2 protein chains.
Amino acid sequence: MLTNFYEQAEEMIRHTGDRITRGRVLVLGILLAEKKAISHHEIEEKLGDDSAINRVTLYRILEWLNKKDLAHKVISGDRKWRFRTNIYTGLHQHAHFKCSICAAVTCLSDVKAKYSSPLPPGYQSHEVELTVKGLCAECA
Amino acid sequence: MLTNFYEQAEEMIRHTGDRITRGRVLVLGILLAEKKAISHHEIEEKLGDDSAINRVTLYRILEWLNKKDLAHKVISGDRKWRFRTNIYTGLHQHAHFKCSICAAVTCLSDVKAKYSSPLPPGYQSHEVELTVKGLCAECA
DNA sequence: TATTTTGCGCAACTTAGTTGCATTTAATAT
DNA sequence: ATATTAAATGCAACTAAGTTGCGCAAAATA
């Protein structure tokens with residue numbers, strides 16, 4: 001059923017007006033099929049040997065997806081970036097859960113980030129990222 | 001006036017029961033003097049040539065400070081860790097501000113992180129980290 | 001002052017991400 | 001269908017951040 005995701009990916013890419021390339025379709029398809037944020041390395045693994053994409057190209061595809069708002073970068077503490085499509089999440093004010101054991105990052109789509117006090121004078125908020133750390137259901 | 005911070009640092013380190021070493025006092029002193037979270041590299045710069053500490057040792061000191069709850073790690077998107085003493089902030093539920101231009105990370109001590117909905121079933125929350133991204137007063 | 005345990009420095013390594021440039025390829029114009 | 005061209009890809013080499021193992025140095029204690 002991954003085919004559907006690839007078709008969906010192609011449609012989303014077409015919509016940007018930029019080129020529809022093998023790499024972009026493959027990567028976005030994988031991200032669409034995935035429910036959680038995954039790392040560069042995990043994407044490489046899912047691509048497999050036959051449909052392998054160059055390391056650098058993969059970085060550039062992810063960067064492009066991010067720029068086109070088709071995916072967003074999830075920041076975690078292990079100096080790895082993770083990516084996730086943002087078709088289901090609002091662009092701003094979404095929250096992430098990071099498991100302290102398995103390091104998996106999950107988007108908490110129902111959880112809205114809030115902060116109780118105003119920012120210091122002169123500061124401007126563009127985006128709020130909330131990370132809840134703890135144990136996921138698997139590791140608890 | 002930095003001397004005071006070093007004395008304070010020494011006292012805090014003594015309190016842990018572990019060894020009071022030159023490196024630990026220097027690094028914690030610098031962190032105490034600093035109001036915002038600073039990176040490994042910035043700490044090295046502040047140490048200067050005369051009181052230089054080995055790169056690896058500095059990592060290990062920061063790790064130790066973190067373990068002893070004398071400092072905490074601030075995660076940002078540039079794959080650099082930043083450290084800040086947590087004598088003034090509560091251990092949990094503190095928020096950070098990251099400037100999109102100068103990349104400076106500031107602790108927002110007055111801002112409490114909140115999330116509106118419960119976690120998925122089976123999940124356990126240990127720590128909540130909230131990062132507000134935008135422009136700081138300097139760069140706005 | 002000697003002993004022991006802990007922390008430090010060095011060198012070498014890993015992993016994640018970056019840059020420049022030559023080659024290929026998707027879109028388009030012919 | 002084919003040529004053109006701008007954009008995307010692949011390669012190689014690099015940087016920056018963080019890690020590991022081990023011998024040596026220095027705090028704490030006796």
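Remember, it's a predicted structure, so these values are computed and weren't measured experimentally. We name chains A, B, ... by the order of the sequence lines, and we start the count at 1 in each one. All values below were derived from every heavy atom in this structure, side-chain atoms included, with hydrogens, water molecules and symmetry-related copies excluded.
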Visitor: Rounded to whole angstroms, how far apart are NZ on B/Lys68 and P on C/dG7?
Guide: 8 Å
Visitor: Output yes when at least one side-chain N/O atom of B/Thr21 is less than 4.0 Å from OP1 or OP2 of C/dT6, else no.
Guide: no
Visitor: Atom CD of A/Glu44 to atom P of D/dT9: distance rounded to whole Å?
Guide: 15 Å
Visitor: Atom CD1 of B/Ile61 and atom P of D/dG18: how far apart are they, to the nearest Å?
Guide: 15 Å
Visitor: For A/Arg60, which of A/Leu58, A/Val56, A/Leu62 qualifies under side-chain contact (heavy atoms from CB on, under 4.5 Å)?
Guide: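 Checked A/Leu58, A/Val56, A/Leu62 against A/Arg60; only one passes side-chain contact (heavy atoms from CB on, under 4.5 Å): A/Val56.
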Visitor: Picking from D/dT19, C/dG7, D/dA8, which would you name as closest to the side chain of B/Arg19?
Guide: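 For B/Arg19, the side-chain atoms sit closest to C/dG7.
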Visitor: Using atom CG of B/Leu62 as one end and atom P of C/dC8 as the other, report the distance to the nearest whole Å.
Guide: 11 Å
Visitor: Would A/Arg79 and B/Trp81 count as a cation-pi pair here, with the cationic atom under 6.0 angstrom from the ring centre and within 45° of the axis?
Guide: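 No; the conditions do not both hold, so A/Arg79 does not lie above the ring face of B/Trp81.
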Visitor: What is the distance from CZ of B/Arg24 to P of D/dA25, rounded to the nearest Å?
Guide: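 Rounded to the whole Å, the gap is 19 Å.
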Visitor: Is the centre of the A/His72 ring less than 6.0 Å from the centre of the A/Phe83 ring?
Guide: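 No, too far apart.
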Visitor: Here's a test of your reading of the structure: between A/Asp18 and A/Arg60, which maps to the more 5' nucleotide of DNA chain C?
Guide: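 On the 5' side of the pair lies A/Arg60.
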Visitor: Between B/Arg22 and B/His41, just flag the one whose closest nucleotide in DNA chain D comes earlier from the 5' side.
Guide: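 Taking each residue's closest nucleotide, the earlier one in sequence belongs to B/His41.
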Visitor: Between atom CG in A/Leu28 and atom P in D/dA8, what is the gap in whole Å?
Guide: 15 Å
Visitor: If you compare every side-chain N and O of B/Arg55 against the phosphate oxygens of D/dG18 (OP1, OP2), does one of them come in below 4.0 Å?
Guide: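 Answer no for this pair, as no side-chain N or O of B/Arg55 is under 4.0 Å from OP1 or OP2.
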Visitor: Between atom CG of B/Leu28 and atom CZ of B/Phe5, what is the distance when rounded to the nearest 0.5 Å?
Guide: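 Here the rounded value is 11.0 Å.
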Visitor: Compare the minimum distances between each of D/dT19, C/dT18, C/dG9 and the side chain of B/Ile53, then state the nucleotide with the smallest one.
Guide: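 Comparing D/dT19, C/dT18, C/dG9 against the side chain of B/Ile53, the answer is C/dG9.
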Visitor: Does B/Asn54 have a side-chain nitrogen or oxygen under 4.0 Å from the phosphate oxygens OP1 or OP2 of C/dC10?
Guide: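 It does, given that an N or O in the side chain of B/Asn54 lies less than 4.0 Å from OP1 or OP2 of C/dC10.
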Visitor: When A/Trp64 is tested against each of A/Thr21, A/Thr16, A/Asp18 for side-chain hydrogen bond (donor to acceptor under 3.5 Å, both in side chains), which residue passes?
Guide: A/Asp18
Visitor: Salt bridge between A/Glu34 and A/Lys46, side-chain N to carboxylate O under 4.0 Å?
Guide: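 Salt bridge: yes.
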Visitor: Can A/Glu10 and A/Arg14 be counted as an ion pair, charged N to O under 4.0 angstrom?
Guide: yes
Visitor: Starting from the first five and the last five pairs of the helix from C/dT1-D/dA30 to C/dT30-D/dA1, work out the angle between the resulting helix axes, to 10 degrees.
Guide: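 Between the axes fitted at each end of the helix from C/dT1-D/dA30 to C/dT30-D/dA1 lies an angle of 30°.
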Visitor: Considering heavy-atom distances to DNA chain C, does A/Val56 or A/Ile20 have its closest nucleotide positioned more toward the 5' end?
Guide: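 Final value for this comparison: A/Val56.
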